[in-house]
Amino acid sequence: PCFRAEFNVIEKTERCHNFLKIVFTSNLQGSLLVLSTLSSPTSTRTPKERQYYVLMLVCSLVVPNLLVFLKSLWKCAFKNFVPPNMRTMGIVCGIECLVSLGTSILVLVVMPQFDVLTNLFISGGVCMLSSVLQIAFRLQRENWKIIFPICSLMLVLTGYFLLGADYYVRVSSFVSGQEDDCYWYVGIAVFASFLVSLTWWENPVQASNNMQEMLTELDTFRDFVFVISSILRIVVIAAVYLIYHVLIQENIVWSDFDFTPKADDDENTIARHRETLDIGLIVLFLQAFFSAACHWFGVVACKIHSVRMSFAFPVCFTGPAVLILGMILFLTQSEDLAGADTTSIMDFCSSLVELSTKNTSTVVMLEITKSICRTSLSSYYWTWPFSLLALEGICMWLGLITCTYYVWNFRVQRIERTTELFVRRLYESAFIDLSLLLNTKMKVVRTRNQESVVDDVENCVIYLCATMWHETYDEMLKILTSMFRLDRYRGEPKEEHKDVFDFECHIFVDDAFMIEKETGKKFVNEYVTDLIHVVIEVYRVFTNKEPDDVSIIETPYGGRLMFVMPEGNMLYFHLKDKQLIRNKKRWSQIMYLYYLLGWKGYIVKNPQKITRQNNPCRASLISLDGESFLLPQHDNDSKRKHISDDNTYIMALDGDTDFHPAALILLVDRLRKYGNVGAACGRIHPTGMGPMVWYQKFEYAVGHWLQKTAEHVFGSVLCSPGCFSLFRGSALMDDNVLKRYTTTATRASEYVQYDQGEDRWLCTLLLQQGWRVEYNAASDAYTNSPQEFKEFYNQRRRWGPSTLANTLDLLHSGNETVKRNSSISRLYIFYQIFTVSSSILGPASVSLMIAGAFQFVFKIEGTLSIIIAVIPPIFYMFICFLAKPNAQIIIAAIMSVLYAFLMLASFFAIIGDMAMQGTFITPTGLFLVSMAVMYLVTAILHPQEFSMIIYGLMYFICIPSGYLLLTIYSLVNMHIVTWGTRETNKEKEEKMTQNVLCDRNCKLCCWDMKLQVTQETDNLLLQQLQQAVNPNTQVTEQVVKEQQANSKKEINNAPNEENNKGILSNDDSVDSIPKKESAYSSIEDDNEDDDNMLYDGSLYSGFTEEEREILPQSDWVQPVKEEFLKKLTYANMKRNLQEQIRYSLRNKNQEDVCEELVMMLTDTVNGELKDKVGPEDVLSDSQLEELQYALNEAARRILKTNRMERLERRVKRAIEKTLIAPQVEKLTEEEHDFWKKLLERYLAPIVDDKAHKEEVTRELKSLRNKAVFLYFIVNVLWIVATFFLQAIGNDVISIKIEKVWPNGTSSGEYLKVEPLSLMFLLSFAVLLVVQFLAMLYHRWEDEEGLILENQIANGLVITSDDL
């Protein structure tokens, strides 16, 4: 149902797109034909009206060049400027001048001389040069396809021949309006069409591997060339207009362009002038708008992979559609022309001359009809020559279709730049349909020994790295669900995937251990226990069984848990001990960057450096690095060995991030496509409930809609948030990035910049090194936001100073950054200076807003309202210096409520004032309405997030709290460098809460009760119930002792005699096959025929006696192991076995055999264990081996009965995976040494003496005082300036706005914008308007900012199975 519903949506979207495309192009061609017809010397319009329509033709040619000029100038201003090569620029500009000359001659000189049908057909000849170059360069992939450009050239030449023949017949048969000079215009039309065909010279040239050096050089300064060429094209258009119409025809009278009514003009003349103006302006608007819209829709159609149905089809059939539409109108509307004689075509055309003076018919319809009458249809001798015109149109159209045949097979990657879809950024508005087809980029044809024409997507490896710091159970559930969702989407690592990627998941848990006070032993804390429970729960949700393969590893930094996810991808938990390694998020990032990019990158490139592991590895442990360890030294089949650092990505996540695979793949595609992008972030959505979350929802929305979009458009995004960002491995490993990121803060400013906003500092380092950071609006991720006022203020207390510090650092190195980074220009640096200035003036701006509210609501004078408005902020600033942080937050909360009431009163007072005034044209009304409209338009342009506009009112009334009180709190508490969120003051638990099944605190009236059920009490209860139901069941002390002995045996991993009792075949003996190679072979052969699989029936297959050496264990290992041993209980084993069998046979199409196996094996388990163990008892090793033997025998009998012996080894392996216990392993010596050196060099815990801490505290307070003083002085100066301007008086300094009533009439009164309002607008509204314009550019014009970033065509369909 999901697929069908989505297919219907796609189908309807494509149909709508086709319809709009045909409508736009039809209107576009029709508007140009109308203008050329109205400006024709043979039309019934007056000379004054004809020269006006010619001027509209000139404007229609100038508009697209003007738009390209503005866009190219924008890019030159905000991107790094590259000086052009004068020779290359001269060649390109010369070609552009010739193209502009041809277009101007064809549109301004030739087309007004021809009839409307000839004008429609003759444009098809502009594909002439493209056909010639395709033949000359042999651009066809198959030799036989050269017939297409040959046919195209022959058809175009035939069309021109028929054009000449048609006009010869017209002159010979004395068709009305045809003179002998028409032959000159036919020749000029052919010449002009050839010049126009030069427009697309670059397309076949770039596809032929010719002049590649010049084209590559041109790409570096193409924007500057477009700036110059656009100006030259406009100059050429104006020159052709002046030379032909002023010097040659002498039909331009400049005074005639004045259409203002004269005193001696009668009403008919005035009405006719107004009609002429309306027709010209409307048709010009249609021409300009529909040409831009058609070009934009063409780009969108290609980017959503709907090339054939939404691009090629509507564009190719635009000409026939216009012809059919025109003929329908001619046949149906001709009878409506008042006074027209419809007895015959001759009489009808003759009667049209008289209608021009009656002014009783539609002007456009009259002129088009009269233009059709100029064809051979109105010949007095014969009308058969009209077929020449029809054949001409067919030849021209077929010539265009055959020339652009490659468009129908045009292949588009998931994400394509506009420059990779179309050769030129310019579009010819006069021939928009032809321009789109001929401008579509031909794929480069390479020789046989070169690479394929279509670049294959390179394989990449993604490391998902989540950092955790005291997350709750629900938050852990989100991130693990997202990772398992990605595992399901990716599937088996050994199989190819359409997105061509492999991944691993790593979770780094800070502060993962606690010390038991009574014994001094180290155990995992409650957060790790919750994480273990979460991964078991998520595994059950996705597979309905327990985790199959779990490894517990002690490491120099603490510990590691290793899991195999259901589809075979790897998941790691890295448990950090703060006594062994540094805490906090930045150090976790340094930890995984060096580990994943350094250590893993080294071992896969150098497999010969790796010695054989001594720890036991099971056949199912298949991962990228796992394969490297298991491979023999001579084998080079490691997946990542051939993956460069450019295609190694780090996905930075928080411990509470929720995302879908589609969001990740969009970021991966962005980095794959653009080699200069070092990081990319998505759209972050805050989750939670309550007023603080509502405020943040709108704040995040506006921040992404406007601020991030403006940064993306003007230059580069400054911050890629650590909760959901993708980083390129080579960018992180670049000079002065990762190395500098490891710097330990020693000075006060470094504590603020480095540790309070690590993600922003990392992006600053990338920008300074020359990398670009991008924003992808279609990549959505969800993360928990602070729901309490205190937590919110503490979070922003870190973010605010860190943002300011990193931005100032970037501005300080602005000159060097501009030289290194092509995405950052001096104009962008100026924009950031303006942004920082507005941020610094934020408190003053909000104070002025509050002063305006006092003035408006309470009718207080402006000067007095300013004094009243600044008193509360000054009072709160003193409170922040004197009181403790908790007291500061309480007072801020109280003041925020009071300010909210004031803002709400101001909001309704403004609305009431607009109602009383009868107009919204008031200073406050204009501001409120304009802001509302701006945000509303922004929300409409983001339709999927339109609901965020609901929280706008909450955001408005919280502005004083968010931009005034919060700024003061952040600055005054800058010296506090603690995290502020997720802090826990709870003392460590004295007793370890292991094996707790239920832990609840119940409150009833005055009673507080704690209910806790442990595994031991639960087992005892179950045993008592079992004995009550079945008195024959004996639970003896001997069984208990045996279980205890076996548990001790598992702890020590000691070899025992039971290993020799396993059911080993001769082929599986230790002496015959090296165990590591056999383990790896079983992995590789898993997807092949089952008869070729190697199987070892032992629970300890894959390692020898030597490898099963005694591993010393820490105290924390056994409790963790016992959590996973619960899978070996009687109750869980049945479910695990059933699902394991189903999963192993899921692709074998043997459902009947599968269900029979499930039923019989379940009965076997019941028969073996029902009366021997309790439901929650963990089976001993001897019981597991006996059960495995019984299950293998039962499976063999069933498969033999069903003649399915080929599935035996697969089923036995599923049984083995069900019964295998979690393993305790150890690191290789090489990796152990790596961690030791890394800890010693970068990650050893920081131990500061008391003197150093006091020195740092003094420096931080000194920095705090300087920052507060700077903020205070700047804001005071701004407010004082406003105060004195207000005191001078409104009459001296004010802006007068005419008051207009809602019906549009003027009231004769003027409203004044006082200095108070003016200063606020300068400091706040200007920046908002700039960002709004950038958002519009990003939504509609920017080649990477299209709202349709193709989530449909990329194949990422998330079904209900992923919930």
Exercise for review: Determine, for Lys522 against Asp577, whether the closest basic-nitrogen to carboxylate-oxygen distance falls under 4.0 angstrom.
Suggested key: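 A salt bridge links Lys522 with Asp577.
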**Study point:** Note: Arg796-Glu699 ion pair, threshold 4.0 Å (strictly below)
**Key:**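 A salt bridge links Arg796 with Glu699.
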What is the minimum heavy-atom distance between [X] and [Y], and which atoms define it?
X: Met570; Y: Met562; answer: CE-CG, 3.4 Å
X: Val524; Y: Leu575; answer: CG1-CD1, 4.1 Å
X: Ala781; Y: Thr657; answer: CB-CG2, 4.2 Å
X: Leu580; Y: Leu1239; answer: O-CD2, 3.8 Å
X: Ala466; Y: Met483; answer: CB-CE, 4.1 Å
X: Cys723; Y: Ile684; answer: SG-CD1, 3.8 Å

Check your understanding: Under the criterion salt bridge (charged side-chain N to carboxylate O under 4.0 Å, His left out), which of Asp755, Asp510, Asp759, Asp654 is the partner of Lys585?
Key ->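 The salt bridge (charged side-chain N to carboxylate O under 4.0 Å, His left out) with Lys585 is passed solely by Asp654 among Asp755, Asp510, Asp759, Asp654.
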Distance, nearest 0.5 Å, that separates [atom1] of [X] from [atom2] of [Y]:
X: Trp761; Y: Cys719; atom1: CH2; atom2: SG; answer: 14.0 Å
X: Tyr674; Y: Arg772; atom1: OH; atom2: CZ; answer: 9.5 Å
X: Tyr754; Y: Tyr741; atom1: OH; atom2: OH; answer: 11.5 Å
X: Leu464; Y: Leu486; atom1: CG; atom2: CG; answer: 6.0 Å
X: Ile650; Y: His506; atom1: CD1; atom2: NE2; answer: 8.0 Å
X: Leu531; Y: Met476; atom1: CG; atom2: CE; answer: 5.5 Å

Side-chain heavy-atom pair [X], [Y] within 4.5 angstrom cut-off:
X: Val564; Y: Asp548; result: no
X: Phe503; Y: Asp487; result: yes
X: Lys545; Y: Tyr539; result: yes
X: Trp587; Y: Thr744; result: yes
X: Arg683; Y: Tyr700; result: yes
X: Glu1230; Y: Trp599; result: yes
X: Phe573; Y: Val535; result: yes
X: Val500; Y: Arg672; result: yes

Practice item. Decide yes or no on side chain to side chain contact (heavy atoms under 4.5 Å, CB included) for Leu597 and Asp645, but give the supporting numbers first. Key: CA-CA 8 Å; Leu597 299 178; Asp645 293 330; 5.8 Å; no
For a quick check under 3.5 Å, do [X] and [Y] share a side-chain donor-acceptor pair by atom type?
X: Arg670; Y: Ser779; value: no
X: Tyr1242; Y: Lys739; value: yes
X: Ser749; Y: Gln753; value: no

Check your understanding: Which one of Leu732, Asp734, Val677 satisfies the side chain to side chain contact (heavy atoms under 4.5 Å, CB included) criterion with Trp771?
Key ->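 Single side chain to side chain contact (heavy atoms under 4.5 Å, CB included) partner of Trp771 among Leu732, Asp734, Val677: Asp734.
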Practice item. With Asp511 as reference, evaluate Lys584, Met468, Lys576, His470 under the side chain to side chain contact (heavy atoms under 4.5 Å, CB included) test and give the passing residue. Key: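 Among the candidates, only His470 passes.
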Please answer whether the main-chain N or O of [Y] pairs with a side-chain N or O of [X] as donor and acceptor at a distance below 3.5 Å.
X: Arg485; Y: Pro661; result: no
X: Glu554; Y: Ser1114; result: yes
X: Asp646; Y: Ser730; result: no
X: Thr743; Y: Arg740; result: yes
X: Thr529; Y: Asn525; result: yes
X: Glu471; Y: Trp469; result: yes
X: Thr481; Y: Leu477; result: yes
X: Asp499; Y: Phe501; result: no
X: Ser785; Y: Pro686; result: no
X: Asp809; Y: Ala805; result: no

When the ring centroid of [X] is compared with that of [Y], is the distance short of 6.0 Å?
X: Tyr473; Y: His533; result: no
X: Phe1124; Y: Phe563; result: yes
X: Tyr595; Y: His574; result: yes
X: Phe724; Y: Phe659; result: yes

Practice item. Kindly determine whether Ser720 and Ser725 satisfy side chain to side chain donor-acceptor pair (under 3.5 Å), including the steps that lead there. Key: CA-CA 6 Å; Ser720 188; Ser725 294; 2.6 Å; yes
Exercise for review: Determine, stepwise, if the pair Trp1116 / Val528 fulfils side chain to side chain contact (heavy atoms under 4.5 Å, CB included).
Suggested key: CA-CA 11 Å; Trp1116 64 270; Val528 178; over 6 Å; no
Practice item. Could you walk me through whether Leu1243 and Tyr594 pass the side chain to side chain contact (heavy atoms under 4.5 Å, CB included) test, one step at a time? Key: CA-CA 11 Å; Leu1243 299 177; Tyr594 272 100; over 6 Å; no
Practice item. Give the ring-plane orientation class for Phe484 versus Phe542, where under 30° counts as parallel, over 60° as perpendicular and anything between as tilted. Key: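 Tilted.
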**Study point:** Residue list, side-chain hydrogen bond (donor to acceptor under 3.5 Å, both in side chains) with Thr687, at least two apart or on another chain
**Key:**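 Only Lys478, Asn784 meet the side-chain hydrogen bond (donor to acceptor under 3.5 Å, both in side chains) criterion with Thr687.
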**Study point:** Full working for side chain to side chain contact (heavy atoms under 4.5 Å, CB included) between Asn736 and Gln768
**Key:** CA-CA 9 Å; Asn736 298 322; Gln768 291 173 338; over 6 Å; no
Check your understanding: What do the steps show when you test Arg560 against Glu1231 for salt bridge (charged side-chain N to carboxylate O under 4.0 Å, His left out), and what is the final call?
Key -> CA-CA 13 Å; Arg560 181 189 301 170; Glu1231 185 176 355; 2.8 Å; yes
